[in-house]
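These notes are about the structure you will find just below.
Letters go in sequence order (proteins before strands), and every chain restarts at 1.
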Amino acid sequence: MSTKDQSITSKTTNKADRHQEKLFLADVKAIIIEAGLGKTRSAILKKQLIVYGGQYHRSIQSDTTHIIASKNIKLARLCTILKIDTIPSNLIVVDADWLSQSLTKGQLIDVGQFNLVKRVQPKTTSVQLDKALTKDDNAATLEHGKKEQIKRHSDASPCTDNSDHNEVPPASQKRPLEEKKISSPVWLKIKRGRFSKTNTKKRAIDNSNIIHQPLDSDSDYVESDDDNNANTSEIEMVLSQLPAKYTAKPSSSWACARPSSLPVKNRNKHITDILEILQKKYENLGDQWRVKGYTKAISSIKNYPREITTREEAEAIPNIGKRLADKIWEIISCGHLRKLDYMDNDVQTALNVFTKIWGAGPATAHNWIAQGLYTLDDIRAKAKLNYHQSIGLKYYDDFNERIPRAEVVEIEAVIREEATAIEPGLEVITCGSYRREKPTCGDVDILISHPNGRSHQGAYHKLLRRLQAKDFLTEILVNQDVDIDHQKLLGVCKLPEEGRKYRRLDIIVVPYREWACSLLYFTGSGHFNRSMRLLARKKRMHLSEHAISVGVLRKVTACSVLKYGNQKLTRGTPVPTKCEADIFALLGLDYLEPKDRDC
DNA sequence: AGGCCAATACTG
DNA sequence: CAGTAT
DNA sequence: GCCT
């Protein structure tokens, strides 16, 4: 087989694996019967089905593979709903639990025991569907002991005769690996405790499956082999004081709980291009929340594995609601969005240009346009600029150009050299997208501290003076000197050689006790940080660039009794952290490498 | 209907 | 204070 | 914008 089709071919690199696991429902093209499942559940299943690469069909199509239904539904009812007399022999009617459990597990599980229509002979019109489940023990299997598991495994399900040919469409017989994984009992690997920081995705997934198990009796968890270090004992001590509900492992619906996925080829560029124009418009309007909505939607579409062809398909994608689905449908069917015609393109263009000036946002840009300014030359000639904006304009082209990693390395080297000359033990680390291993960066974020907890003091000002003295630091936009322990520079630097570009440089000095939280924060991504802070809040903790605290109480907002508002009542107790892994552990998350935080 | 991260500093 | 930025 |  050709090697180019990686999405199907089983590759063995970590990333390819992850990618593949993500789309483990790729061979499932299913109808979901709402009756008996309820609106909510069927909606969830539908969304999840699509998220993991499956296709949702509203009615039976030539390539439909599964009918997913409640185990209690009667065959007659099913046929009525589907407007057919018999179930076509190429279709598998399967209990919705099959999908649910596959989703929990992150991989396709054996369809056997969930098969609702045994295909002894094709037209068993009278078969009582639920009969298939008389065995009782189906849904509970995960909770039961291993012997039960093994037994079930060997004695196979009632319909073993045809189970292999009806479990997944012949289209792709090539997934022996799921079978493999299934047959090797998961619980053998369970042993390790909930804080084992597994590095391989595979183990992470296994763990996530296991987490439902009552973790009472497993007190014998082994102290995981060092890996990311962590003063595990201290962190666990803190955790042990917390109510169980706050120590549970967050689901993968949290962006901070799963590694950022490989970039997938965007098969819906015709859609995202237009949505991005709209998003830009709202950005220029300063409508941050709508922009956020678009961001999530566009990201979902870009990660969607197929070309979107129907409105329903679009609406089933997470973060796409009715209104975006309508827009998408218009794009699909007309190849065009009328709304765009109503936009004043000259204004939009000018706004886009102006807001790329560092220090100018939507409000400023609108002001300028109101004054009849439309081009950068207009701005240069007539606009009134504050200091930030004048620098932003002066280096407009340079600032809007990405910085190659190699150059970031050079810039970092300059700073490290000067810092080390001031105080040998200073730690100098470049965060931001550089640390997340992006090929290019928008700016350079450098974090500085000293392990002894005090020698960072005073270094900042000396460092600035030295960098200025060698004409490396050319402009200072913001010089934030909070206290003896905290300084921040937003500035501009340029390497000495002729022809080098001016680059945005941030330098942050923090006390070492804040090292972990600072590192986490300045590494980002922004979305990752938001997700993690929100999670912290849900767990009654509080995460900032300074510290993570437990036992934070917030005021309950008027209308949502169960949700926490953002007004703090008590500040909580900061937990000492020595590395990023400590923070992940406190939040019940598997550790993620910086490159996996790129969401 | 209201949340969607948090906290702070600078400019004018 | 509003606006911008990190 | 979307989601709860």
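Interface residues of residues 370-382 of chain A facing DNA chain B, ordered by number: none; criterion, heavy-atom separation under 4.0 Å. Shown for residues 385-415 of chain A: residues whose heavy atoms fall under 4.0 angstrom of DNA chain B, namely A:Asn386, A:Tyr387, A:His388. Within residues 273-292 of chain A, the residues having any heavy atom closer than 4.0 Å to DNA chain B are, in order of number, A:Trp289, A:Lys292. Residues of residues 329-351 of chain A having a heavy atom closer than 4.0 Å to DNA chain B: none are found.
Distance A:Leu520 CG to B:dA6 C1': 13 Å, rounded to the nearest Å. As a whole-Å value, the separation of A:Ile357 CD1 from C:dA5 P is 10 Å. Rounded to a whole Å, the CG atom of A:Asn529 is 11 Å from the C1' atom of C:dT6. Distance, A:Phe522 CZ to B:dA7 C1': 11 Å, rounded to whole Å. Atom-to-atom, CG of A:Asn367 to P of C:dT4 comes out at 9 Å; the value is rounded to the nearest Å. When rounded to the nearest whole Å, the span between CG of A:Leu490 and C1' of C:dT4 equals 11 Å. The CG-P distance, from A:Leu587 to B:dC5, rounds to 15 Å in whole Å. Distance CG (A:Asn479) to P (B:dT8): 18 Å, rounded to an integer number of Å.
Both A:His546 and A:Gly526 lie near DNA chain B, and the one whose nearest nucleotide falls closer to the 5' end is A:Gly526.
Under the side chain to side chain donor-acceptor pair (under 3.5 Å) criterion, A:Lys438 pairs with A:Asp598, not counting sequence neighbours. Among residues two or more places apart in sequence or in another chain, the side chain to side chain contact (heavy atoms under 4.5 Å, CB included) test is passed with A:Glu283 by A:Gln279, A:Lys280, A:Val291.
Contact annotation for A:Ala363: backbone-only contact, meaning every heavy-atom pair under 4.0 Å involves sugar-phosphate atoms and none involves a base. Backbone-only contact: A:Thr364 has heavy atoms under 4.0 Å from sugar-phosphate atoms and none from a base.
Taken from OG1 in A:Thr272 to NE2 in A:His270, the straight-line distance is 8.5 Å, to the nearest 0.5 Å. Here the straight-line distance linking atom CD1 of A:Ile391 with atom CZ of A:Phe399 works out to 7.5 Å at 0.5 Å rounding. Put simply, CG on A:Asp582 and OH on A:Tyr591 are 10.5 Å apart, with the number rounded to the nearest 0.5 Å.
A:Tyr460 and A:Asn479 share a side-chain donor-acceptor pair at under 3.5 Å. Counting only N and O atoms by type, the side chains of A:Arg306 and A:Tyr304 include a donor and acceptor under 3.5 Å apart.
A salt bridge is absent between A:Asp443 and A:Arg503; no separation between the charged side-chain nitrogens and carboxylate oxygens falls under 4.0 Å. Salt bridge annotation for A:Glu407-A:Lys501: absent, with no cationic side-chain nitrogen under 4.0 angstrom from a carboxylate oxygen. Between A:Glu545 and A:Lys488, none of the side-chain N atoms (NZ, or NE/NH1/NH2) sits under 4.0 Å from a carboxylate O, so this pair counts as no salt bridge.
Distances were taken from every side-chain heavy atom of A:Arg530 (C-beta onward) to each of C:dT4, B:dG12, B:dC5; the shortest belongs to B:dC5. Here the nucleotide nearest the side chain of A:Pro362, chosen from D:dG1, B:dC4, C:dT4, is C:dT4.
Screening A:Asp506, A:Ile507, A:Thr430 for a side-chain contact (heavy atoms from CB on, under 4.5 Å) with A:Asp445, the sole residue that qualifies is A:Asp506. When the options A:Pro259, A:Ser299, A:Ser525 are evaluated for a side-chain contact (heavy atoms from CB on, under 4.5 Å) with A:Cys599, the one that passes is A:Ser525.
Between A:His542 and B:dA7 there is a side-chain N or O to OP1 or OP2 distance below 4.0 Å. A close approach under 4.0 Å does occur between a side-chain nitrogen or oxygen of A:Arg537 and OP1 or OP2 of B:dC4. Taking side-chain N and O atoms only, A:Lys327 has a distance below 4.0 Å to OP1 or OP2 of D:dG1. Regarding contacts with the backbone of B:dA6, every side-chain N or O of A:Arg533 stays at 4.0 angstrom or more from both OP1 and OP2.
Atom P of D:dC3 sits at a distance of 15 Å from the matching atom of B:dC5, rounded to the whole Å.
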- Task: Dump the intermediate steps for side-chain hydrogen bond (donor to acceptor under 3.5 Å, both in side chains) on A:Tyr395 and A:Glu475, then the final yes or no.
- Result: CA-CA 11 Å; A:Tyr395 301 113; A:Glu475 316 277 354; 2.9 Å; yes
- Please test A:Asp485 against A:Arg513 for salt bridge (charged side-chain N to carboxylate O under 4.0 Å, His left out), starting from the C-alpha separation and ending with a verdict. CA-CA 10 Å; A:Asp485 279 333; A:Arg513 62 175 181 279; 3.4 Å; yes
- Could you give me the CA-CA distance, side-chain angles and deciding distance for A:Asp377 and A:Arg380, then say whether salt bridge (charged side-chain N to carboxylate O under 4.0 Å, His left out) is met? CA-CA 5 Å; A:Asp377 282 333; A:Arg380 283 191 195 95; 2.8 Å; yes
